[in-house]
Asks: 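Below is the structure I would like to discuss, written out as structure tokens.
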Amino acid sequence: MGRGRAPRPAGPHRRDVPSVDIAVWSELPTGAGLGSSAAYAVCLAAALLHACRAISCPLKDGEATARWTEEEMRLINSWAFQGERVIHGNPSGVDNAVGTWGGALRYQSGKITSLKRVPTLRILLTNTKVPRSTKVLVAGVKEKILKFPAIMNPVLDSIDAISQECQSVLEAMPTNPSPEYYPVLEELFDINQHHLNVIGVGHPSLDRLCRVTASHGLHSKLTGAGGGGCGITLLPPDATPLAVEAAKRDLCACGFECWETDIGAPGVTLHSSSSLNAEVLHELSES
């Protein structure tokens with residue numbers, strides 16, 4: 001829960017913005033590779049732009065949620081990126097873009113493109129609670145590439161090929177929702193995780209996560225920078241509730257923390273107070 005006061009903009013052409021109190025409520029663990037800073041920056045940018053009337057109020061009477069126009073989303077994203085720069089120095093911009101537009105995005109050589117018609121995938125998100133430094137991990141990968149370019153560059157090319165194959169599968173799934181796609185995604189998860197270990201961003205805690213979920217017939221890989229942090233486990237349609245609960249129980253016994261959630265959800269959204277659950281309303285009222 002955070003709290004702050006927004007300053008009035010300076011200059012002769014400022015827009016008058018009333019002083020506001022900002023209450024922040026989040027379920028995202030910080031420093032776990034889940035883009036919590038980007039989620040905060042996106043929500044803060046949208047709230048302040050809305051407060052100073054730089055973007056509209058898209059909610060109509062009786063609506064629980066609404067989203068802004070494409071042009072307004074670009075404005076929200078541009079300000080959120082500035083917030084990420086304050087926090088991280090030189091971010092890629094992909095985290096705030098995902099937080100703004102949602103769905104699935106492809107990031108390559110600094111270019112971010114949205115994937116169309118991507119299905120919502122059920123996953124088990126697991127926090128190993130092992131802290132890690134993105135900067136240190138990135139530096140280690142760069143050192144390996146410089147030391148063994150003939151070995152490492154083909155591995156990176158293979159990771160890129162995995163991403164492209166995964167994109168093709170995800171874009172094909174909405175028009176042909178066949179269960180046969182899930183074994184392909186599971187195999188891509190496994191190959192990708194092995195490659196990530198090769199380039200030096202794995203961790204024993206993540207290996208343990210993969211072994212535990214594999215014992216229940218589920219497939220996992222790290223997410224974020226690696227070196228600890230979080231992993232994701234694909235939950236195919238035929239995954240039984242008993243298997244999922246058993247996997248969660250065994251992961252928690254390792255000292256990890258688990259949540260069932262989705263990939264491909266919407267991005268930043270304006271909610272009416274009536275659409276918020278009781279826990280959020282309570283936390284915000286206490287602030």
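Counting begins at 1 with the first residue of the sequence.
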Asks: Excluding sequence neighbours, so at least two apart, what forms side chain to side chain donor-acceptor pair (under 3.5 Å) with T69?
Replies: E72

Asks: Would you say the side chain of R106 lies within less than 4.5 Å of the side chain of I112, judging by non-hydrogen atoms?
Replies: no

Asks: Measuring only between side-chain heavy atoms, which start at C-beta, is L156 closer than 4.5 Å to N153?
Replies: yes

Asks: Quick check: do E279 and W25 have side-chain heavy atoms less than 4.5 Å from each other?
Replies: yes

Asks: Taking atom CD of Q108 as the centre, does the number of heavy atoms from other residues, nucleotides or ligands within less than 6.0 Å exceed 12?
Replies: yes

Asks: Could you tell me whether R208 atom CZ has more than 12 heavy atoms of other residues or ligands within 6.0 Å of it?
Replies: no

Asks: In this structure, which one of D190, N192, T233 forms a side-chain hydrogen bond (donor to acceptor under 3.5 Å, both in side chains) with K221?
Replies: N192

Asks: Let me see the working for E260 and R122 under salt bridge (charged side-chain N to carboxylate O under 4.0 Å, His left out), right down to the final yes or no.
Replies: CA-CA 7 Å; E260 283 188 59; R122 286 178 61 226; 3.3 Å; yes

Asks: For E187, does the CD atom sit with more than 12 other heavy atoms under 6.0 Å from it, leaving out its own atoms?
Replies: no

Asks: Is a side-chain N or O of N96 found less than 3.5 angstrom from the main chain of G93, in a donor-acceptor match?
Replies: yes

Asks: What pairs with E245 under salt bridge (charged side-chain N to carboxylate O under 4.0 Å, His left out), at least two apart in sequence or on another chain?
Replies: K248

Asks: Return yes when atom CG of N277 has more than 12 non-hydrogen atoms of other residues, nucleotides or ligands closer than 6.0 Å, and no otherwise.
Replies: yes

Asks: Taking side chain to side chain donor-acceptor pair (under 3.5 Å) as the test, write out the residues that go with S37, two or more places apart.
Replies: E84, H88

Asks: Same hydrophobic cluster for F148 and L137, using side-chain heavy-atom links shorter than 4.5 Å among ILVMFWY?
Replies: yes

Asks: Without swapping roles, check the side chain of E171 against the backbone of V118 for a donor-acceptor pair under 3.5 Å.
Replies: no

